[in-house]
Every structure is written in structure tokens, then in C-alpha cells.
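Letters A, B, ... are given to chains in the order of the sequence lines, protein chains preceding strands, and every chain is numbered from 1. Note that these values count all heavy atoms, side chains included, but never hydrogens, waters or copies made by symmetry.
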Number of protein chains: 2
Amino acid sequence: MAGRSADDDDRGGTVVTPSAEFPPLTPAEVDALRRVGAHWRVGVPPALPVDPTLDRYRHRPTPGRFSRLAPIALFRPAPGAPAGRDGLVAAEPANQPDSPLGRRLGRVRRVFLGPPLASAAVLHERMRKLVALPVLSSDLLSSVAYGPEALLTVLVLAGSGALGLALPLSAGLVLLMVAVGISYRQTIPAYPHGAGSYLVAGDNLGVGAGLTAAAGLMLDYVLTVSVSIAAGVHAITSALPGLTPFTVPLGVLVILLLLAGNLRGVRAAGNLFVLPTYAFVAAVLGLLVVGYLRAAGRGFAPVAPPVVPATQGLGLLLVLRAFASGAVSMTGIEAVSNAVPAFRTPEWRNARTTLAWMVAMLVVLFAGLTLLIHLAGLVPRPGETLLSQLARVTFPTGPWYAVVQVTTALILLLAANTAFNDFPRLLFFMARAGHAPRRFLHLGDRLAFGNGLVALAATAVVVFVAFGGHTGKLIPLYAVGVFLAFTLSQSGMVVHWRRHRGDGWRRRALVNGVGAILSGLVLLTAAVAKFIEGAWVVVVAVPLLVLLFDRIHRHYRTLHAALALRSPSPDPAPPAVVCRPAAGPPEPVAAPADRPVEGGELPQELRHLVVVPVVRLNRASMRALAYAVSLGRPTLAVHLAPEDAEADRFREQWRAWGDHVRLETIVSPYRAVVGPLAHYLEALQAAAPELVLTVVVPEVVLRRPWHRLLHSRTGQRLRRALRALPGVVVTTVPVHVPD
Amino acid sequence: MAGRSADDDDRGGTVVTPSAEFPPLTPAEVDALRRVGAHWRVGVPPALPVDPTLDRYRHRPTPGRFSRLAPIALFRPAPGAPAGRDGLVAAEPANQPDSPLGRRLGRVRRVFLGPPLASAAVLHERMRKLVALPVLSSDLLSSVAYGPEALLTVLVLAGSGALGLALPLSAGLVLLMVAVGISYRQTIPAYPHGAGSYLVAGDNLGVGAGLTAAAGLMLDYVLTVSVSIAAGVHAITSALPGLTPFTVPLGVLVILLLLAGNLRGVRAAGNLFVLPTYAFVAAVLGLLVVGYLRAAGRGFAPVAPPVVPATQGLGLLLVLRAFASGAVSMTGIEAVSNAVPAFRTPEWRNARTTLAWMVAMLVVLFAGLTLLIHLAGLVPRPGETLLSQLARVTFPTGPWYAVVQVTTALILLLAANTAFNDFPRLLFFMARAGHAPRRFLHLGDRLAFGNGLVALAATAVVVFVAFGGHTGKLIPLYAVGVFLAFTLSQSGMVVHWRRHRGDGWRRRALVNGVGAILSGLVLLTAAVAKFIEGAWVVVVAVPLLVLLFDRIHRHYRTLHAALALRSPSPDPAPPAVVCRPAAGPPEPVAAPADRPVEGGELPQELRHLVVVPVVRLNRASMRALAYAVSLGRPTLAVHLAPEDAEADRFREQWRAWGDHVRLETIVSPYRAVVGPLAHYLEALQAAAPELVLTVVVPEVVLRRPWHRLLHSRTGQRLRRALRALPGVVVTTVPVHVPD
């Protein structure tokens, strides 16, 4: 971490905290703040007409349930703060919206997602290793259900004679798994607060590499959900063909259920996934044991596969494609390193142990299955998966075949959950660095990253529906993104070790270097060999995403610079006109033209003009006028009339009222209201650029939505038109109308 | 008009004026205004820091084209008002929105609709009789193209022997036309500013009758557009069968063209319609002349019609249904009476003359065509209209057949325009009485009722698309609504004459009475005989619409009462706490509990508390704080923190700044911001109900829409949450961020 530039990224390290939305000020910012504060002239502040700690009102006789005093009870003094001092804590009902509909929705939400969890509970939402293992490994382990088949499906294109190549290729994949596993094992303690490829690559190779890794990972998370759900639903519909027409709605339903489970929070989701993962592992292990016993019975002599004619020559490209297709078995291996902070303390050690277990299980299952398939002489064929064929051969009778199929379907459906763990976390890190919208920083009331979860679910639903829930069409897009991330992450680790040069850094750099080179080779292979089949989508999407992240970052940087505190000029000149009653006629003074609008942030520099647009004289406009006048600042009323006769009539009414406020009528001969009013305010500001114009707009608040259709919402349109004008403050004075 | 209750309706008579949106105050309202004004205590108002007439800045050296002084030039002193006095006029560019997109749209709009017309131009947009005749009669006259056929189509169900009944039924219809025509002729001078059924029925029979007539008319206007366009498009597609698949888009296109023409204004639309209407009348008159000459050649001996077997018995119901179907020829007869104010002065006389011409032409065309069809022995048959058959028999050779067909198609397409004249005008009258949304009062920048025109076009498009542009399915819905309006209008006139008892009132009442009875009989006949075929839709829709109008009226009445000025209590007590700097600690004073919130409309009664929610300390929050403090009223800053640590950190920053404003931190343990903040403000108000809370919210204004997606819009959500709280004023302080 030492080598990082002092960018936004530094705020708060890599720990997920509820305060991430409120990053602390840098020392330079605090310094600017201090200098700004020194220029403020407030005088003796007027006494507050109410006790803001609410303490004085707390002991009033308890009001009825629906009394207006009830909200006071929602705020109690902060623990430690003596009564009457500042610092309140909001009780949980204070979160609920005030409208009946909002309250009802809140109740429905609570039924599905559970009661809200306080920020203080964030540490308790950690996973034991035995829970973390199934939660984080379902993606990785489930891929053995289609990984060997993906490899053999390509090889068999060159005829059954080429199937012999499966064993060396699988050995290569096992080597790759172990290498990448060890590589990641080394990464976890180096980044104990979360060792995602985005952070590691960004830290060591620069922002661009980090964003590229992030883009690859994000695509793969979406594809993990879509592919796993598609394969799982296909397993279900294969068993129950009657459900086939409902493939798409079924898949969407499962994605939404996963979303709901994850919105409830990590631990609850973990509990959901413990059983099926262990059951799948047990079922496949049982399959392997029985299979090898049977094979031992015939002296491990391989059964000859059926003769399949070659449709393609056995070229290098085909072999590479087969290798790259088999490598989809490795998707999900990075899950643990991203999720380190979700483990119980000591996080990095638990995570590392879990990773070792996972890779070991992967190797056993993958190698065991591949070899057993070879011994059984099975070849891929449409209509039935290889695993199903193997289970059928191994368990010709009894319920065991069904057990293997059911657990396979379940783990495939649940594998998608890994993505639901990692995707929002990745977005959180990106958002904290300003590379993703800040809303992904927000921990929802269940301490889950609701926005990230919803974003993933929505994208996955779109992809799933677009591809009609068809696994075969999705597979070629898969694995390119994840190997991109692997390569960048492990290259980053090489740089990391070189920089730090701790004990045995050469050995560690070598391990990660090997991992990086191997991953890079697979990445190249996959991108080239599967380009036409669909990898091109990823090759196009990754740079586009990186561009988007960069644009987002640029916007936040501009915003940050624009909102940075500036030290005021050393000796602020006193305002040219004081806001005091004057006996003579108005004597406007032209401001220097180079004075920036919206420049003044010091209260003593602000010169006010309050403008009240008045359409007709009723309670609403009277309240707006009274409010404006009560501020004690110069006030001007403006009336827009469609023709002279109406303007005259209005001036007459104004005089009848008493002419308490200076009135200016503007005839708008084309009957528009908002445009001329906005331009008039612009003209006033052009005339006196140093003024802060406060436009006081009465707003009639209607309770029923259909009543709002009966009004032209001039106030809202005016507010929108005035947004563009710098230095124009809009004040909305509400008037509530009973039904 | 004398008999009307002193309701909202009285405002401004029945003339369409641009000021209708700004009704004058009643004497009682002016009186209340005067009493309210007498209670205001303003003191010596502070001098304005700028000259609101802009006069002082007008003679500055001309700035560059894009300088910020340009808007001053958009406002010139009102004619008659000496420079420096109040009263400005906005030039036309002041209407245009300030954004580049808005300006571009404005330019497109101007190309299609022409430059804006000033209010002063409203009188010039009147029609000469020779222009009014085709504009207002196209609906009425075009219906002879399908009226006789509608009658015969029903009769022929009882076999060709029943066709002889066509002549007496037609004679009855001609009698009806003359009776209704005379009846309307009498109505026009009695209501010289517009004699629509809604006004006449409402005036004399009560609001319910007026609304019922209005509902009937509105349905018929929509159906006029749909039926005429459907028939017209069908005429086109019959001639060019290749266009048949494009029936619906063609019809929609025609409706949109009509909309555009009408948005340009009345006169422009009138010019569009002069030629085709006259051409149609000329073509049909030519057809009649040649036809009767041919009939005279054979001694007026009728040709025997082909034998058609009866499919139904010749019962009374069938005869009545035939009569009611033939009565569709009369739809549109009310157009003139609704549009009296669109005529040149003297309006009522020109309108009455035009009506007489129209009815005479209708009688000639209808009677002539029916008799000629009888003489030619023609019967309706699918695939070809009767008019087409007649033209083919009469002009076996030459281009005359084509002329008849083309002009028929054109007048049918243009007939819909009558509805575009009357529908918005009806809505205007309804809106002025508070029975329709007020936006229908607005005269657009071309002096057209844009909202009403768009409403009609949209509804007609929906109906047209829903019925697939099929004339036959729409016809049964037609004519019920219009005869409902006829009956109510003429019954109203009977009451009118009885009330006024002028010269010859008995004779006039008799004429209108006969008209009312005849119309009522047709109404009953149509509703009963065509009930199953589709009239039930109208029978159901009319009461629903009346209910809707009533609900709208009730809402406006409630609103008007809620916003009515109330005289303040005679001796307003001085405010309990003056808004002055106080030396001691805050000393809140509990207000009497029965004091209504939002009660005070007097400036001296308002007690302020300014609240500034602060998320982080940057330029935006500094500006909000400076603005709040500069108002010189008690100010409180509130910070919401997700956990204690963050709250402590923020308080530290606050002290570094100088602690210029009292700060209250609220820990929101569930990380919500808007809910707890809104509830805290509610709690403050519950503690001190007499306070006016001003919430100062900084708003970062971003220029690019996609940048807005990157922000959580907390300000907007807060504003929405605070809308529900009475007495909470929201002030938005903008901070503009460069791209």
C-alpha cells in the first residue's frame, strides 16, 4: 500500500465501514476550513427559539398515540452525552417514511428482509470458515459440473481419437489451479483487508490496470449468475420436461430469490447455502469412490469410447480452445480473496485456510471426474450432461443417480450467490475511489450493499432473458474476464514483492510470476480461440467499461475540486450597500464586473434581494409575502400579466391591500409565465451581479395525487428554470390544503 | 344569464380572453384583502439594492452578444408608463427557455406553428362567414356521405320491400333538421357570446344538466374525429387498395396533421378547409343536377331495386333503429352555436346566417341524395358506398366519378376539424367554471387552446387505434351524445324564454320545445335501439364523466376556500420572542397548543428558525451556512452520522472551522438520512409549533444529465419528505459545477 499515490483511494483503507459515505477531511482540507472560519463574522448569534436537544420537551405528559409530540420520543440523547448537551440518536421508527403508503411498504419490506440492523452490528456479520467455505466455493466447485464437459466437447470435434489428449490437458489445468491457488494464497496476507484483483492491480500496476481488472471481474460476475442459473434451470427442466417453457421466468424468479436472500444480509444468505454445497461435494465424492471401486474391479482398464467421426482437424488452435474451455472450471477461485473482510477474525488466516480447502477440493473433484470419465469411456452428447452419464453408469439402480442430479442442480443455482457476495463489494471499493457512482457506498438497513445487489440482479436478468436462458450461448463469453483479472492481480503481486523486498520476496515473486504467466497464457488462448464464438463481446466491453469508470472518476474529481474550500481574499471589502432601511430613493451601486457570482461564502459579504412572484392575491401568496417581509431584507414582488388590462387590475388590488411591498408588473404579451420571470431575474442579476436573489415561491401541497394533475405546477417549472441561474436561491413556502 | 347563481361561472362572461387564467377578485375578496393589509406591520422597508424597472442599466454600453447584460434588453417599459416607473413588457425572446436544447426545440416549434401571437391579436383571429361556413360545416355536410346509407342499411335487413319506408323516414329527418336548425337559430342571439349546449343547459336547467350535455358533446367530438378520419381513410384505401395495411398509421398521421394545423390558430386552419368543403358541395350538387335530369328523361319513374331477402321482420324497433341511424346525418349541426365568438362582428348575426346556410345545404343534399337513390333503385352493399354507386350510375364515364370520390374523401378527413374547433372551447368554458382542469384556460402562444387540442387529438388517436380505424364499429357509439346535448340545450331554451318573457316568448318557447321533444325522441330511440351495438358505452361513460367533472369542481372549490383570505384576529399579540441577538442562553417559550400551524400570514407574527443540514464541510455547505447566517435569524446546523465515531469526527471539524453556528449531531444507526432528518424537524416543530422552520439545503447543479445519475439526490428526496410537514419552508441554495 505504501507505493500508492495520495489519491482519494486512501480514505479509510480497505475496510468496509458504514462511514465510507462520509470520508474524513484531509489535513489540507481541515487547514482550508480553519482559514475560512477565521474570516467569518457572525456577531452575537440570535438565541435559538427552541432547544435543539429536545430535552426540555421530553418530560411533557405523554401524548396520545397520534399526537404531534410523538416524534420527540424518536430521538434520545447519545449515550455518554449528558441530557441537554448536543448529540442525539435516532430510534428505528425515525427511518420510516411519514406517509401511510410508505409505512405499509416498510412493513412489507421488513417481512421479507427482516428488521434493520444498526451500524454497530457490522462486525457481527462475519462468517465462520465452515460457513464461508460453502458460500464462497459454490461457484468454483459447481463449475466441475460443466468444466470437463466443456473441454471434451471441443476435443471430440477432432474425433474420438483426440479424446486421449484430455488427460494431459487436465493435468495442465490442475497445475494451473494449484499455481493460481498458491498465488492467491500469498496475496491474502499481503492484503489482509480484501485482496481483490481491482485493489491489487490498481495498487501495484496503476489505476488503469485496476479498472481493467474490475471491468473483467464485473462482466464475469454477471455471467456467473446468468450461466449458473441457466445451467441449473436446465438441469431442473431436464428432469421435469414439463417446465421447459418456463425456463426464462423460472430463472428470473431464482435470481430474484437470490437477491432477496442477499438483501437480508451475509450471514442469513450463508446459512441458506451451507447444506446444498456440502451435499454436492459429498455426492460427487461418493460418485468418485464408487466409480473408482468399479474401475478397480476391472483392473483400471479404460472402456473404449464409442467411435465419433472427426469434423475438424486436430490443430493447435483446437487444442488451445479445448484448454481454454476447460479453464472455465477455475472461475470463482478469486472469490475468497475478495471477501477477506467477511471472515471472522483473524480474517486473513481464516480466508487463506478456506482458500486452501477450496482449491484442494476443486483439484480432487476435477481430476477425479476427468479421469473417471476417461476410464468409463464416455463422450459428450447432446441431451445429457457428462456428469449425468457418469452418474448413470456408476449408479445404474437406486436413488443415488437422483441425489447426484439434484445436488448438482442446487449447487448450480446457488453458485450464482458468489457473485452476489463479490459484485457489490467490488463496486464499494470502486465507488470509494470515485470510479463508480457513490450510491454503491451505501450500506442498507440490513448492512447489505443494496444498490450493488440490485444492479447485479438487474443486469443478470437482462443477460439471462436476452440469451433466453441458454447455457451454451453464454459459455463462450465466460472466463475471459476472470483470467484478465487473474493475470493483472498476479502481475501486480510480483511488483508488490519487488517493492517491499521482505523475507523471501524473490520466492514469492516467482510464485506469483508463474501464476501471472500461466493466467496470461490462458487469457490469450481464450480471447483468441473463442473470439468468434462470443469472447469478442468481452473484448469490446472491457475497454468501454474502463472508459466509463474513467469518466465517472473525472466527474467526481471535477466536483471535488469545484466544492473544495477556498481561502477568502485576505481583507474582504465591506459590502457596498448595507441592508438597512434607507430614507432616500434606492441607490444601486454597480458591482465590479470581475466579481464572481456564487463567489462569496462569507455571511457578511452576502447582499440580499428577496423576490416574490405573485399570481393572485390569496392566502398562499400572502404567506409567501409575509415570509419574505419577515426576513427583513429588501423585498420586491413581481406580477406577470397576459395583457395591460390585467396588470392595471392587479395594481389596483395591490393598492387595496396597502402596497406594503414594492410591486413590479411585467406584461407577458405571449402569455408565458416561467420564461419571462426567469429572464427578469436574470436581468436583475445582470444589473447587480453581487446580489443574492432569493425567490420565494408559494407551493400548494395537495394530498391526493390525482388532484396534482389539476394544477399546472408553475412553481416546479419555475424552480427548474431557475436552476440554471447562478446565485438564485429558491425558497418554497408550503400551504397545505385539506382534502 | 340573469338567472345564474353567483358562482365562479360569472367571471368574465362568456368571452374567451387571455386573462381568463387570472380571474379578478370579487368585492368580498377585495374587502378581505383590505382588512388583511390593515394588519400588516412592515415598518420602513429596506431600500432595494437594485432598480426593478431596470431603467438605470438600460443605457450602459451595449455588451457583446453573449454578455450577461443582454437579458436587460428583453424588458422595456410598458407603453404609457414613464421610464423609472413600474410596469414592464417582456419581449418575445423572454419566452424562450435558457437551455440550448430548449432554444432549439423552440425554433422547430416556430417552423411548424409560426411565430407567437401577442394577446392584443386575439380579436383579429376571427372568421368571415365564407370562411366560417366551410370550417364549421364540414362535419355536418360530410355526414350526408354516410347518413342515408346508415338508414337504408338497417331498413334493408327487412328485405327490399321495406326500402319504400326510406322516403317517409327521410321526410321525418328533414323535419327534424329544420326544427333543430330553427331552434338553434333562436339560441344564437340569446347567447351572443357562445351558445354551446353546456352553457345553455347549465344556465337554465342547472349545473348537472350542463355537465351532462358537456359529457355527451365531448364524447361526440372525439367520435367525430375518429369516425370521420376512419371513413375518410377508408375512402382512400378503397381507391388505392395498396394502402389498406397502413390504415391505422395513415389515420394517426392525419389526426396529427389536423392537430398541427389547429395549433397554428383558427384562421390558418380555416384557410386550409375552404376549398375541399366547397368542392364537395359543388360535386354533390352537380351529381344531383345530372341525376335528376336523367330521372326527368325517363319521366321520374323509379328503377326497381334488386330483390334482397329479409333477414329480420319489419318491426317498430327496426324502423326506429333505421331512423336513429339516419340521424347521424345531423351530427355537427351544433358547431356554429358553440363557435359564435370566432365570427367577425357582429358575431351573433354572422353566426345565425351561417347556420341558416348550413342547414339549407344539409336539407338539399340529404333530401336530394335520398330521393335520387330511391329513384335509381340502389341498395347498400358491402364493398362500395351508396354515394359511390350513385356517382357511378350517374357518371358512367368521364372524370366526374373520381371528382365525387376525391372530394368526399377530403371532406370526411377534414370534417374532424369541427371537433378541433369546439372541443377546446368547451373545455375552456368548463375550466373557467372549475369543472375541468385549469390548464385548459391557457391560450398558447399562437392564441390556440393547445392543451385542449392535444387532449382531443390524443383521445381520438387512442379510440382510432383501439377500433383499428374501422368505421362500422364506431358508428353505433355515435349520435347518442350529440342528441343528449341537443335535447338539454333546447329544453334549456324553453326555460330561458319562460324566465325572460320578452316579445313573442311563447312562440319562441314553442319552437324550442318542439325541437327539444323531437331531439329527445331521437335520443331515446338511439340509446335503446342501438344499445347493444355500442350505445351502451356512451350510456355508461356520460355519468362517469359527469362524476369526474363534479369531483374536479369539488376540489377547486375546496382549494378556493382553503386559500381564501381570512381576516386576522383583531389585536394580534406581539410575538413571544423577538428575533434579536440575546445575551443569555436560549430560552424557548412554549406556544399555546391551539395555535394553528401555517396560521400566521402577518410578517410581524412569524418566528424563524433556520436549519441547515450539513453532510460534509465543503463549498456547498459553507454557502448554505453563510446564506442561513446572513438572514440574521436563529440558525441551527444538523449533521446525521451513521455511527458515533463519525459524529465525533464531524464535531472536531466543526470546531476547527470555528463553531460559528450551533451544531446538533444525530446518529442514525440504520444509516438512513432523509427519514431521521424529516422526523427531527417534525420533532422541533412539535416542541415549538409556532415556529417557521426554514431548511436551507445546498443543491449541486450539474449540467450533464448523466452526471446526475452519479448523485443520490438527497436534497430532492429531503424536499419531498418535507412537503408533508406544515410550516416547513425549504430553501435551495445552488452551487454550479463546471463540466
Heavy-atom distance under 4.5 Å to chain A: side chain of [X], backbone, both or neither?
X	answer
B:Val692	side chain
B:Leu722	neither
B:Arg649	side chain
B:Leu25	both

Counting distance only, does the side-chain N/O of [X] pair as donor-acceptor with the main-chain N or O of [Y] below 3.5 Å?
X	Y	result
B:Arg439	A:Leu710	no
B:His442	A:Ala672	no
A:Arg616	B:Glu21	yes
B:Arg619	A:Ala564	no

For chain B, the option from [options] that forms the most heavy-atom pairs under 4.5 Å:
options	value
A:Ile552, A:Leu640, A:Leu609	A:Ile552
A:Pro116, A:Ala721, A:Ala38	A:Pro116
A:Glu646, A:Arg671, A:Met622, A:Arg719	A:Arg671
A:Val629, A:Asp659, A:Val661	A:Val629
A:Gly444, A:Pro642, A:Ala645	A:Pro642
A:Ala641, A:Ala724, A:Ala678	A:Ala724

Least distance between heavy atoms, [X] atom then [Y] atom:
X	Y	answer
B:Glu664	A:Gly87	OE2-N, 2.9 Å
B:Pro49	A:Pro634	CD-CB, 3.5 Å
B:Leu684	A:Pro52	CD2-CA, 4.2 Å
B:Pro676	A:Phe75	O-CZ, 3.3 Å
B:Phe22	A:Val615	CE2-CG1, 3.7 Å
A:Ala90	B:Pro669	O-CD, 3.3 Å

* Structure fact -> Those residues at least two apart in sequence (or on a different chain) that pass ring-ring contact (aromatic ring centres under 6.0 Å, His included) with B:His660 are A:Trp40, B:Trp657

* A:Tyr627: partners by ring-ring contact (aromatic ring centres under 6.0 Å, His included), with sequence neighbours left out -> B:His608

Looking only at heavy atoms and a cut-off of under 4.5 Å, which of [options] has the most pairs with chain A?
options	value
B:Val730, B:Val89, B:Thr694	B:Val730
B:Gly37, B:Gly675, B:Ala94	B:Ala94
B:Val700, B:Leu625, B:Val30	B:Leu625
B:Asp445, B:Thr635, B:Leu631	B:Leu631

Could you tell me the separation between the [atom1] atom of [X] and the [atom2] atom of [Y], rounded to the nearest 0.5 Å?
X	Y	atom1	atom2	result
B:Arg723	A:Glu699	CZ	CD	4.5 Å
A:His736	B:Leu725	NE2	CG	7.0 Å
B:Ile72	A:Gln685	CD1	CD	11.0 Å
A:His707	B:Thr558	NE2	OG1	7.0 Å
A:Ser19	B:Asp644	OG	CG	9.5 Å
B:Leu617	A:Leu563	CG	CG	12.0 Å

* Asked: Does the side chain of A:Pro437 reach to within under 4.5 Å of the side chain of B:Leu709, using non-hydrogen atoms?
  -> no

* Would you check if A:Leu702 and B:His555 make a side-chain contact, meaning some heavy-atom pair closer than 4.5 Å? =>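 Yes, at least one pair of side-chain atoms sits under 4.5 Å.
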
* To do: Name the region of A:Tyr680, side chain, backbone, both or neither, that has any atom closer than 4.5 Å to a heavy atom of chain B.
  => both

* Can you check whether B:Tyr556 and A:His711 have ring centres sitting under 6.0 Å from each other? ->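 Close enough - the centres of the two rings lie under 6.0 Å apart.
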
